[in-house]
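For the single chain, residues carry numbers from 1 onward in sequence order.
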Amino acid sequence: MSNSWPPNDCSLINAGDTSWILVSCALVLLMTPGLAFFYGGLVHRTSVLTIIMQCFISMGVTSMVWVVIGFSLAFGEDRGGVIGTPASYAMLTNLDGCTPTGYPMSSGTGQIPGILFAGYQMMFAIIAPALITGAFADRVRFKAYLIFIVLWLILVYCPFVHWVWSPNGFLAVWGVKDFAGGIVVHISAGFAALASIFVVGRRQYASDEERHRMQLPHNRTFVALGTGLLWVGWFGFNGGSAIASNSQAAFALVNSSIAASVAMVTWMCIEWVHIGKPTLIGACIGAIAGLATITPAAGFVRPWAGFVIGAVTGFGCYGCVQIRDILKWDDALDVWGVHGMGGLFGTLMLGFLADEDIGGQGRSGLFFGKQLAACVGTAVYSFVVSYVLLVVVNLVTPIVPDASEIAMGLDVSLHGEQAYDDEALDLSKSSPKDWDAYGNSASYEGAANTVYQQARAIPVQSQSYAPPPAQPPAQPQYAPQQQPQAAPAYGGHQVVQLQPAPQPIQVQQMPQQVIQVPPPGFAPQY
């Protein structure tokens, strides 16, 4: 490896490759807001802003760490195959617009500007710590979270990147393959998430009814929106990892969509049999599991293998979620079961599904053994180091909010904000007997009755409109009329006959029309 910097020769840059990676940068960055919506919809309405904030702040904090030291640790001049030299790219120096990728990591690995490669890899670093937040939803203070992600990036994520993706990393030299982050992103984040739930402990509730109410997904449309954004962003995540606009990128993109589709349908069918109904939440989680699992293999396998990976994902990750539930691990949003185990399954399946004609790596028993060893070693490392980091952070500043903060809701107690101004039509207040593990109605009648009862309880401000009141009908007027008589009658008195005057026109009063206007801020939830 040479430590000299290449000359500024823009003729070495391929415009097509550069254009595709520029687009992929934007797609991968889009995944973090998508993750925020996905997680935000799954949590209770009193902590939705907290978890969205944890995802969004990763874009700021991680970018700063990456520019100052992270990229150097990940791709800088090698130190024993373990870590990069911090000074190699401090503040992204030594990366100009015409420097090809690969210096000083190797003699050259691509034909895009080095500064673009650093930016693209930064997008991966942003989403990795954000993934962890789903495990400890409702249980971590913001300051402790900020300290943890800075330390985790330096001590877990950046070393993983160097081991696997830097050409001089010891796992890369040994022959371990991870196309787009099965080890680097999903195993690292998934097993860090598992460690976190043992440090912060389980969420405490006064009753089973409160537990069901607080764990009920508050906005399923957010979950669907987040899934869509993640799915689109994953095209840049996996497709862009070819670091070129070529056939390998095309295979990676197509394989990603196939695996997500098959995993979605498989998960839905398993759930349909298991709980009796197919749910939107289950379908979305299945799609994300498929995308996570295909990630390490996307650019090394053929589409039929992507189909197989998606099917195995549906059974494997669904099973892990059930195991987590049996063991009573309070991984709030199943980060370990979906991302940690999904990345592990995909990395292992690559060992016997890889096609040499696609990515230059063929399947073999030896290759599978290397993949297995890498999965076990990195999973243990991420779990242990993350556990120690959280314990240390807890010594510096308390991680878990106190009972009063949790009771108030973390949105208000930690951030002084709330996502919604009222609790109208909050389905999370329904009885737990009407809902399954995903918060879906166990019976149509039960759900309909819940909505009906809540609708009756909504305070309604009424504004009435009525036409001006009509005047009451005039009483009939009677006028005497002289009737000529031939002779006086009745004792000589003149007979006077009273006849009614013409009747006035009767005005029929119309019934009042009442227009019901909901109170300010009311937003129905379905």
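- Counting heavy atoms from C-beta on, the side chains of I285 and W267 come closer than 4.5 Å.
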Checking L230 against L35 for the side-chain contact (heavy atoms from CB on, under 4.5 Å) test, could you report, in this order, the C-alpha distance in whole Å, the side-chain angles of both residues, the deciding distance, and whether it holds?
CA-CA 7 Å; L230 285 167; L35 182 70; 4.2 Å; yes
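- Looking at F179 and P296, their side chains never come closer than 4.5 Å, going by heavy atoms from C-beta outward.
- Contact check for P113 versus T99: no side-chain heavy atoms found under the 4.5 Å cut-off.
- For N394 (side chain) and P398 (main-chain N/O), no donor-acceptor pair under 3.5 Å exists by modelled atom type.
- Listed for the W152 side chain is no donor-acceptor partner under 3.5 Å among the backbone atoms of L389.
- With hydrogens and angles ignored, the 3.5 Å screen pairs a side-chain donor or acceptor of S382 with a backbone N or O of S188.
- With values rounded to the nearest 0.5 angstrom, D17 atom CG is found 10.5 Å from S24 atom OG.
- In Y205, the OH atom is crowded: over 12 heavy atoms of neighbouring residues, nucleotides or ligands sit closer than 6.0 Å.
- Minimum heavy-atom separation, S88 to E77: OG-N, 2.9 Å.
- In this structure T313 satisfies the side-chain hydrogen bond (donor to acceptor under 3.5 Å, both in side chains) test together with T293, sequence neighbours excluded.
- Applying the ring-ring contact (aromatic ring centres under 6.0 Å, His included) rule to Y157 yields no partners; only residues at least two apart in sequence or on another chain are considered.
- Side chain of S72 to main chain of P86: a donor-acceptor pair is present (N/O by atom type, distance under 3.5 Å, no hydrogens or angles).
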Show, in sequence, the C-alpha distance, side-chain angles and deciding distance for F235 and S257, and conclude whether the side-chain contact (heavy atoms from CB on, under 4.5 Å) test is met.
CA-CA 8 Å; F235 291 151; S257 196; 3.9 Å; yes
Stepwise side-chain contact (heavy atoms from CB on, under 4.5 Å) test for V82 and H162
CA-CA 7 Å; V82 176; H162 192 83; 5.6 Å; no
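- A distance-only check finds a donor-acceptor pair linking the side chain of Y145 to the backbone of Q54 [under 3.5 Å].
- Counting only residues at least two apart or in different chains, ring-ring contact (aromatic ring centres under 6.0 Å, His included) contacts with residues 121-140 comprise Y120-F124, F124-W165, F124-F237.
- Put simply, CD1 on I115 and CG on L95 are 5.0 Å apart, with the number rounded to the nearest 0.5 Å.
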Show, in sequence, the C-alpha distance, side-chain angles and deciding distance for L146 and K143, and conclude whether the side-chain contact (heavy atoms from CB on, under 4.5 Å) test is met.
CA-CA 5 Å; L146 293 178; K143 181 168 69 173; 5.6 Å; no
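- In this structure, W304 places its CH2 atom where more than 12 heavy-atom neighbours from other residues, nucleotides or ligands lie under 6.0 Å away.
- Checking R324, R202, Q204, R203 one by one against D330, the side chain to side chain donor-acceptor pair (under 3.5 Å) holds for a single residue, R203.
- Here the closest heavy-atom approach between residue G97 and residue I13 is recorded as O-CG1, 4.5 Å.
- From L327, atom CG reaches atom CG of D331 across 11.5 Å, with rounding to the nearest 0.5 Å.
- Using bins of under 30°, 30° to 60° and over 60° for the plane-to-plane angle, the ring pair H274/Y318 lands in the perpendicular bin.
- From C317, atom SG reaches atom CD of Q322 across 12.0 Å, with rounding to the nearest 0.5 Å.
- Judged by distance alone, with hydrogens and angles left aside, the side-chain atoms of D178 form a donor-acceptor pair with the main-chain N or O of I183 at under 3.5 Å.
- No side-chain donor-acceptor contact under 3.5 Å links Y39 to the backbone of V223.
- Side-chain contact between F148 and I132 is present, with at least one heavy-atom pair separated by less than 4.5 Å.
- Not a single donor-acceptor pair under 3.5 Å links the side chain of N255 to the backbone N or O of G299.
- Take W20 and apply the ring-ring contact (aromatic ring centres under 6.0 Å, His included) test, not counting sequence neighbours, and it matches no residue.
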Considering only distance and modelled atom types, tabulate donor-acceptor pairs under 3.5 Å from the side chains of residues 350-357, sequence neighbours left out.
from, atom 1, to, atom 2, distance (Å)
D355, OD1, D357, N, 2.9
D355, OD2, R302, NE, 2.8

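- In this structure, the separation between CG on L333 and CG on L42 is 5.5 Å, given to the nearest 0.5 Å.
- Side chain of S386 to main chain of A195: no donor-acceptor pair is present (N/O by atom type, distance under 3.5 Å, no hydrogens or angles).
- G182 and T295 get closest at one heavy-atom pair: N-CG2, 3.7 Å.
- Residues satisfying the side-chain hydrogen bond (donor to acceptor under 3.5 Å, both in side chains) criterion with R211, sequence neighbours excluded, are absent altogether.
- Each of F345, F191, W336, W234 was scored for a ring pair (Phe, Tyr, Trp, His ring centres under 6.0 Å) with H186, with one residue passing: W234.
- Among residue pairs with one or both ends in residues 158-170, none qualify as salt bridge (charged side-chain N to carboxylate O under 4.0 Å, His left out); sequence neighbours excluded.
- Counting only heavy atoms from C-beta outward, the side chains of D138 and M214 never approach each other to under 4.5 Å.
- Atoms CG and CE, on L29 and M122 in that order, are 8.0 Å from each other to the nearest 0.5 Å.
- When the side-chain hydrogen bond (donor to acceptor under 3.5 Å, both in side chains) test is applied to S58, the partners found at least two apart in sequence or on another chain are T62.
- Side-chain polar atoms of H218 and H44 form no donor-acceptor pair below 3.5 angstrom.
- Residues L348 and C375 have side chains in contact (heavy-atom distance under 4.5 Å, counting atoms from C-beta outward).
- In plain terms, the two heavy atoms of A297 and G346 that are nearest each other are CB-O, 4.3 Å.
- Residues F300 and F251 place their aromatic rings such that the two centres sit no closer than 6.0 Å.
- Qualifying ring-ring contact (aromatic ring centres under 6.0 Å, His included) partners for F142, counting only residues two or more places apart in sequence or in other chains: H415.
- Side-chain atoms of H339 and D334 include no donor-acceptor pair closer than 3.5 Å.
- In this structure, the side-chain hydrogen bond (donor to acceptor under 3.5 Å, both in side chains) partners of R141, at least two apart in sequence or on a different chain, are E405.
- A search for side-chain contact (heavy atoms from CB on, under 4.5 Å) contacts involving F307 returns I258, V262, not counting sequence neighbours.
- F160 pairs by the ring-ring contact (aromatic ring centres under 6.0 Å, His included) definition with W163, Y381, not counting sequence neighbours.
- Remark: Y387 OH is loosely packed, at most 12 non-hydrogen atoms of other residues, nucleotides or ligands lying under 6.0 Å away.
- A heavy-atom distance below 4.5 Å is not found between the side chains of V150 and I147.
- The closest side-chain heavy-atom distance from F222 to P217 is not below 4.5 Å.
- The closest donor-acceptor contact from the side chain of T133 to the backbone of A130 lies under 3.5 Å.
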